[in-house]
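Per chain, numbering begins at 1; letters A, B, ... match sequence-line order. Side chains included, hydrogens not; waters and symmetry mates left out as well; all remaining heavy atoms used.
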Amino acid sequence: MPELPEVEVTRRGIEKHLVGRRLERAVLRAPSLRYPVPAGLAERLIGRRLASVQRRGKYLLLEFAGGHLLIHLGMSGSLRFVERDAPAGRHDHADFIFGARQLRLTDPRRFGALIWLEGDPFSHPLLASLGVEPLSRAFSAAWLKQALAGKRVAIKTALMDPHLVVGIGNIYAAESLFRAGIDPRRPAGSLSLARLERLVRAIKTTLNAAIRAGGSTLRDFCGPEGFGDFQARHQVYGRAGAPCPRCATTIRALRQGQRTTYFCPRCQR
DNA sequence: CTGGTCACCTGGAAGC
DNA sequence: TGCTTCCAGGTGACCA
């Protein structure tokens, strides 16, 4: 999926163009993505004004009068503006038409979600169980130190656990660990406060740089207004066999859990 | 609780 | 060319 930066870039695009506008029409074509899409949702949304767009982790919350539309992009989802009434392809599961602007949800793998929530959206189990926002002040080395105390899971696996800290996926976990000079296999609880300080800084810097670059580090990601930056900025992700940009040692790939990790065996200890 | 694995789904690339 | 296999941005569920 889009990791945090891609979702945040999407959020800003939607906020800039759609907040305050009335949803004229919605077309929901998939009966279910990761979860069932509520029947009758399209009709229920008609005529409602979009009040705000928030992000929590990799979830987007579109606030309408009377409820929130919760959107998750899964592994392969994207939200883009398309020409009004542009023909829908096989994986175009939803269209939200706001006057001249039409927002389209495309998600080939359908790991995403489209959920309607009335009342406090943050009490929904999916949101209530989420960890800390990595760009918030609450995400500090001191906090991380106690959160990881005694944990023997690899630090990279821990960083990707959304119940601990949200928004860091496979790409940014690898990139942040490279920036911090930490071996992704290190037991999470074994890192000193000083090293965690470096890691926290690296994560914030990496995410912020990606947001600034327009979000995209994915070859087929494109924000609401077009293509973002390309993967040229990746230091290690997807670069197995290539030289480390810092020391020229060959970058290695390994499997952690069900994911591929890329790292420099010399720079990362 | 913790850590590890599986499943969900489709498409593209690589291998034969 | 065509079939098979592997891999991909996430994360909830399940098991020992």
d([atom1], [X]; [atom2], [N]) in whole Å:
X	N	atom1	atom2	value
A:L33	C:dG10	CG	C1'	14 Å
A:Y237	C:dA8	OH	C1'	7 Å
A:R55	C:dG10	CZ	P	14 Å
A:R255	B:dG4	CZ	P	15 Å
A:R259	C:dG10	CZ	C1'	6 Å
A:R56	C:dT11	CZ	C1'	15 Å

Walk along nucleotides 6-11 of chain B from 5' to 3' and tag each nucleotide B, S or - by protein heavy-atom contact under 4.0 Å, base first, then sugar-phosphate. S-BBBS
Considering only the P atoms, how many Å lie between B:dG11 and C:dT11, rounded to the nearest integer?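 One P to the other, the span is 22 Å.
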Between C:dC7 and B:dT5, how far is it from one P atom to the other, in whole Å?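 15 Å, rounded to whole Å.
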Does the side chain of A:T261 come under 3.5 Å of the side chain of A:Q256 through a donor N or O and an acceptor N or O?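 Yes - a donor-acceptor pair under 3.5 Å links their side chains.
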May I ask you to say what A:T157 touches in the nucleic acid, namely base, sugar-phosphate or nothing, with a heavy-atom cut-off under 4.0 Å?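 Counting heavy atoms under 4.0 Å across all strands, no contact is made by A:T157.
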To check you understand the geometry: which heavy-atom pair defines the closest contact between A:E3 and A:N170, and what is its length?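 Nearest heavy atoms, A:E3 then A:N170: OE2-N, 3.4 Å.
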Is any side-chain N or O of A:R152 under 3.5 Å from a base N or O of B:dG4, one able to act as donor and the other as acceptor?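 Under the 3.5 Å cut-off, the side chain and the base do not form any donor-acceptor pair.
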Just compare C:dA8, B:dG3, C:dT11 and give me whichever is closest to any side-chain atom of A:K58.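 So the nucleotide nearest the side chain must be C:dT11.
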Out of C:dA8, C:dG12, C:dG10, whichever nucleotide has its closest atom nearest the side chain of A:H163: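 Comparing C:dA8, C:dG12, C:dG10 against the side chain of A:H163, the answer is C:dG12.
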Is there side-chain contact between A:E24 and A:I46, with at least one heavy-atom pair below 4.5 Å?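 Side chain of A:E24 against side chain of A:I46, heavy atoms only: no contact under 4.5 Å found.
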pair A:W143-A:V132: side-chain heavy atoms closer than 4.5 Å: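 Of all side-chain heavy-atom pairs linking A:V132 with A:W143, at least one is under 4.5 Å.
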Passing candidate, salt bridge (charged side-chain N to carboxylate O under 4.0 Å, His left out) with A:R55, options A:E15, A:E8, A:E63: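 Passing option: A:E8.
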Watson-Crick or G-U wobble partner for B:dG4, using a 3.5 Å limit on both distances?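 C:dC14 - that is the nucleotide pairing with B:dG4, both distances being under 3.5 Å.
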Any donor and acceptor pair, going by atom type alone, linking the side chain of A:R195 with main-chain N or O of A:R198 inside 3.5 Å?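 Pair absent, no side-chain N/O of A:R195 close to backbone of A:R198.
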Assess whether atom CD of A:Q146 is packed by more than 12 heavy atoms of other residues, nucleotides or ligands within 6.0 Å.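 Result for CD/A:Q146: enclosed.
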